[in-house]
Enquirer: 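This is the structure, below, for whatever I ask next.
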Amino acid sequence: MKNLVLLGSTGSIGEQTLNVLDKLDDWNLKGISCYKSIDKIKRQAIRYRPDFIAICDETDIKVLKESFPAGYDPEILVGSSGFAELAGLNNVNMVINAIVGAAGLEPSYNAILNGNKLGLANKESLVIGGNLIISLAKEKNVDIIPIDSEHNAIFQLLDGKDRVEVSQLILTASGGPFYGYNAKEIEDVTVEDALNHPNWNMGSKISIDSATLMNKGLEVIEAHWLFDYSYDKIDVIIHPQSIIHSMVELIDGSILAELGSADMRTPIQYALKYPDRGISVASKLNLKEVGKLEFDSPDLETFPALELAYESGKKGRGYPIVLNAANEIAVKAFLNKRIKFTDIPKVISEMLDNHDSGEFNTLDKILDLNRTVRNMTEEVILTW
Ligand SMILES: NC(=O)c1ccc[n+]([C@@H]2O[C@H](COP(=O)([O-])OP(=O)(O)OC[C@H]3O[C@@H](n4cnc5c(N)ncnc54)[C@H](OP(=O)(O)O)[C@@H]3O)[C@@H](O)[C@H]2O)c1
């Protein structure tokens, strides 16, 4: 049996990973984690009996342990150091990082530092710590298998290709629930509208990011670090059906595409099976039922977040950290109905304008800037 650590097991990717594991017989779940969903992790622990569980608050340990049957006594790790410790455990064949947000960086770092192969759903790890994570992975000779469907597609498409033959990476974007809206129509959309993604059922933060197109912006930065292509070689195309998960254009004009159902269990299974393939645990795609595939350009005026991400990625240094931290706080404020949907890119823009960037190349410096910008963004939103 191979040992898996699943960070963020109570989230959308976490639960879908458990669904995949139920259908595979060669994995043992060694560790799981949640932030505050204690009831859910309790149920997961009783079912899968992992040796390690990481949670946010020490005060929840008692209630968690009380619910366990006699003879089951897992080690409980706590707080950000607990999540990192879980990721760095020995005798682990893969760590899947399905934590949402910048909180995923330290676990990604620790997994690689300790030589653990990383299945990466947490795109924010690479957005804010791309240089750090990729250089460490090279130094430690650790594989990072992307679980984000676009990057998983490109990872597959680039396999066996000579770099000099690749002219462009093309990330597809569904366009989100507001695809086709103009600047006026988007002014008064609600939280409920924004959470209602047409193709994917995801956690709330990534659903809002998909609606603003910031998700695609974060993915552009993620692709830059994962595949080492400059930003002018990474394009975004709207493809409302989400059937093509991404494409690679070659210098002779051929465009290669990876197609499949809009089901995250496929890239999750790919990561768990890599470098082999397994019979699909997800529903297969029937192209005759799909009928047609459409493409369009992103509307950068109505959805300025994508351009903000490109600019931040190109500037590098602290800018992607500021972009990500301001976005996380602005999205939270929108979800709590404190700001409007259209305020999200405005808040981020203001934080980027106020940033005077230096080099942020160590874990501590990145986490420091992340904390500072989050606090500053909270203050800015109070005056909004
Ligand atoms: N969902 C998708 O289809 C999808 C697709 C591609 C990529 N991704 C990426 O995968 C990651 C997870 O997305 P998701 O949609 O699964 O998110 P989600 O449903 O919100 O789940 C997030 C998980 O992280 C935990 N968590 C939240 N805040 C944390 C913190 N500060 N420290 C430690 N753990 C924390 C949550 O615990 P609690 O349950 O206790 O809050 C939960 O287990 C994101 O980076 C996202 O961009 C997701």
Side-chain angles (χ1 to χ4, degrees), residues 5-20 31-45 53-57 60 64 77-87 96-108 110 118-129 145-153 171-174 176 195 197 199-210 212 214-219 221-223 226 242 245-246 261-268 270-271 282 324-325 327-329 331-332 335 367 370-371 374:
V5 163
L6 175 57
L7 291 146
S9 60
T10 51
S12 159
I13 293 289
E15 291 193 295
Q16 291 180 82
T17 304
L18 294 177
N19 182 282
V20 174
I32 55 177
S33 83
C34 75
Y35 192 55
K36 301 268 186 185
S37 302
I38 295 301
D39 280 344
K40 203 185 264 186
I41 205 156
K42 202 191 291 180
R43 288 195 297 275
Q44 292 179 346
I53 301 172
I55 58 174
C56 177
D57 282 327
D60 286 322
L64 186 59
L77 309 168
V78 178
S80 50
S81 59
F83 301 128
E85 189 181 338
L86 186 66
I96 288 190
N97 187 349
I99 289 176
V100 64
L105 173 65
E106 210 175 336
S108 288
N110 227 30
L118 184 61
L120 191 63
N122 178 264
K123 64 194 76 181
E124 295 89 347
S125 289
L126 289 178
V127 171
I128 68 173
I145 317 296
I147 287 180
D148 223 349
S149 59
E150 295 77 0
H151 305 75
N152 185 271
L171 298 176
T172 50
S174 70
L195 285 173
H197 195 281
N199 304 339
W200 302 93
N201 187 6
M202 310 179 285
S204 56
K205 193 256 177 186
I206 184 176
S207 296
I208 304 303
D209 285 348
S210 297
T212 59
M214 177 56 88
N215 183 49
K216 213 45 56 182
L218 300 178
E219 288 178 5
I221 302 175
E222 181 185 13
L226 270 174
S242 299
H245 298 139
S246 275
S261 313
D263 190 326
M264 287 306 295
R265 290 175 301 170
T266 304
I268 292 167
Y270 179 92
N324 185 71
N327 180 55
E328 286 190 22
I329 298 301
V331 167
K332 197 168 80 179
L335 284 168
L367 295 179
N370 175 55
R371 240 185 324 267
R374 292 173 79 92

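Read the numbers this way: they start at 1 and go in the same order the structure lists the ligands and their atoms.
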Enquirer: Would one find an N or O of S12, backbone or side chain, under 3.5 Å from an N or O of ligand 1?
Expert: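 The answer is yes, given that S12 and ligand 1 share an N or O pair closer than 3.5 Å.
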Enquirer: Under 4.0 Å, heavy atoms only, figure out whether ligand 1 is touched by the backbone of I99, its side chain, both or neither.
Expert: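 Looking at I99 and ligand 1, atoms from backbone and side chain both fall under 4.0 Å.
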Enquirer: Test your reading of the model: is there a side-chain donor-acceptor pair from S210 to the backbone of G176, 3.5 Å cut-off?
Expert: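 No; zero donor-acceptor contacts below 3.5 Å.
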Enquirer: Flag S37 as yes when one of its N or O atoms lies below 3.5 Å from any N or O atom of ligand 1, and as no otherwise.
Expert: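 Yes, since at least one N or O of S37 sits under 3.5 Å from an N or O of ligand 1.
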Enquirer: Report yes or no: does K40 contribute a side-chain atom to a donor-acceptor pair with the main-chain N or O of T10 at less than 3.5 Å?
Expert: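 Yes, because the side chain of K40 sits within donor-acceptor range (under 3.5 Å) of the backbone of T10.
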Enquirer: Looking at atom 35 (C) of ligand 1, what's its closest protein heavy atom, distance included?
Expert: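 In this structure, atom 35 (C) of ligand 1 has Y35 CB, 3.5 Å as its nearest protein heavy atom.
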Enquirer: For I41 and A54, work out which heavy atoms get closest and say how close.
Expert: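 So the two residues come closest at CD1-O, 4.3 Å.
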Enquirer: Is there a donor in the side chain of S108 and an acceptor in the side chain of N97, or the other way round, less than 3.5 Å apart?
Expert: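 A donor-acceptor contact under 3.5 Å links the two side chains.
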Enquirer: If you measure every N or O of K36 against every N or O of ligand 1, does any of those distances drop under 3.5 Å?
Expert: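 Between K36 and ligand 1 (N or O atoms, distance only) the closest approach is under 3.5 Å.
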Enquirer: Is there a donor-acceptor pair under 3.5 Å between the side chain of S261 and the backbone N or O of D263?
Expert: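 No, the answer is negative, given that no donor and acceptor are paired below the 3.5 Å cut-off.
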Enquirer: Closer than 4.0 Å to some heavy atom of A103 - which atoms of ligand 1 meet that?
Expert: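 Near A103, meaning under 4.0 Å from one of its heavy atoms, ligand 1 has 30 (C), 31 (N), 32 (N).
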Enquirer: Side chains of E15 and N19 only: does a donor on one sit below 3.5 Å from an acceptor on the other?
Expert: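 N19 and E15 do not have a side-chain donor-acceptor pair below 3.5 Å.
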Enquirer: Could you list which atoms of ligand 1 come closer than 4.0 Å to a heavy atom of G8?
Expert: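 Listed by number with element: 23 (C), 24 (O), 43 (O).
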Enquirer: Could you identify the single nearest non-hydrogen protein atom to atom 7 (C) of ligand 1 and state the distance to 0.1 Å?
Expert: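 I find the closest protein heavy atom is D148 OD1, 3.0 Å.
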Enquirer: Is D148 reaching over with its side chain to a backbone N or O of H151, donor-acceptor style, under 3.5 angstrom?
Expert: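 Answer holds: no.
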Enquirer: For atom 43 (O) of ligand 1, grab the closest protein heavy atom and report residue, atom and distance to one decimal in Å.
Expert: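 Sorting protein heavy atoms by distance from atom 43 (O) of ligand 1 puts T10 OG1, 2.7 Å first.
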Enquirer: Identify the protein heavy atom lying closest to atom 46 (C) of ligand 1, giving its residue, its atom name and the separation to 0.1 Å.
Expert: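 Its nearest protein heavy-atom neighbour is I206 CD1, 3.8 Å.
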Enquirer: Report yes if I13 has an N/O atom closer than 3.5 Å to an N/O atom of ligand 1; otherwise report no.
Expert: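 For ligand 1, there is an N or O atom that lies under 3.5 Å from one belonging to I13.
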Enquirer: For Q44 and S9, which I'm curious about, is there any donor-acceptor pair between the side chains at under 3.5 Å?
Expert: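 Judged by distance alone, the side chains do pair up.
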Enquirer: Is the shortest distance from a Lys or Arg side-chain nitrogen in K36 or D60 to a carboxylate oxygen in the other one below 4.0 Å?
Expert: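 The answer is no: the pair does not qualify as a salt bridge.
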Enquirer: Starting from atom 17 (O) of ligand 1, what is the nearest protein heavy atom, named by residue and atom, and what distance separates them?
Expert: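 Looking only at protein heavy atoms, the one closest to atom 17 (O) of ligand 1 is V100 CB, 3.9 Å.
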Enquirer: Based purely on interatomic distance, does G101 place a nitrogen or oxygen under 3.5 Å from a nitrogen or oxygen of ligand 1?
Expert: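 In fact, backbone or side chain, G101 has no N or O that close.
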Enquirer: Compare every heavy atom of A98 with every heavy atom of G14, then report the nearest pair and how far apart it is.
Expert: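 Here G14 and A98 meet closest at N-CB, 4.0 Å.
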Enquirer: Report yes or no: do E85 and S81 form a side-chain donor-acceptor pair below 3.5 Å?
Expert: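 There is no such pair (donor and acceptor under 3.5 Å, judged by atom type) between the side chains of E85 and S81.
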Enquirer: Quick test: of every protein heavy atom, which one is nearest to atom 15 (O) of ligand 1, and how far off is it to 0.1 Å?
Expert: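 The answer is G203 N, 2.9 Å.
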Enquirer: Is F83 touching ligand 1 with its side chain, its backbone, both, or neither, if touching means heavy atoms under 4.0 Å apart?
Expert: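 F83 to ligand 1: side-chain contact only, backbone stays beyond 4.0 Å.
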Enquirer: Is it the side chain (CB and beyond), the backbone, both or neither of M264 that lies under 4.0 Å from ligand 1, heavy atoms counted?
Expert: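 The answer is the side chain of M264.
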Enquirer: Applying side-chain contact (heavy atoms from CB on, under 4.5 Å) between E124 and each of N370, N327, V100, report the one that passes.
Expert: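 Passing option: V100.
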Enquirer: Under 4.0 Å, heavy atoms only, figure out whether ligand 1 is touched by the backbone of A98, its side chain, both or neither.
Expert: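 Backbone only.
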Enquirer: If you measure every N or O of G11 against every N or O of ligand 1, does any of those distances drop under 3.5 Å?
Expert: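 Yes; at least one N/O pair falls below 3.5 Å.
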Enquirer: For ligand 1, does E124 get within less than 4.0 Å through its side chain, its backbone, both, or neither, judged by non-hydrogen atoms?
Expert: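 Answer for E124: side chain.
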Enquirer: I need the atoms of ligand 1 closer than 4.0 Å to a non-hydrogen atom of C34, numbered in the order shown.
Expert: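 It comes down to these atoms of ligand 1: 37 (O), 40 (O).
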Enquirer: Quick one: look up the protein heavy atom nearest atom 9 (C) of ligand 1 and list residue, atom name and how far away it is.
Expert: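 Going by distance alone, atom 9 (C) of ligand 1 is nearest to A121 O, 3.1 Å.
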Enquirer: Considering non-hydrogen atoms of the protein only, which is the closest contact for atom 47 (O) of ligand 1, and what is the distance?
Expert: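 Nearest neighbour among protein heavy atoms for atom 47 (O) of ligand 1, to 0.1 Å: K123 CE, 3.0 Å.
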Enquirer: With respect to Y270, which candidate in I147, V20, N152 satisfies the side-chain contact (heavy atoms from CB on, under 4.5 Å) definition?
Expert: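 Exactly one pass, corresponding to N152.
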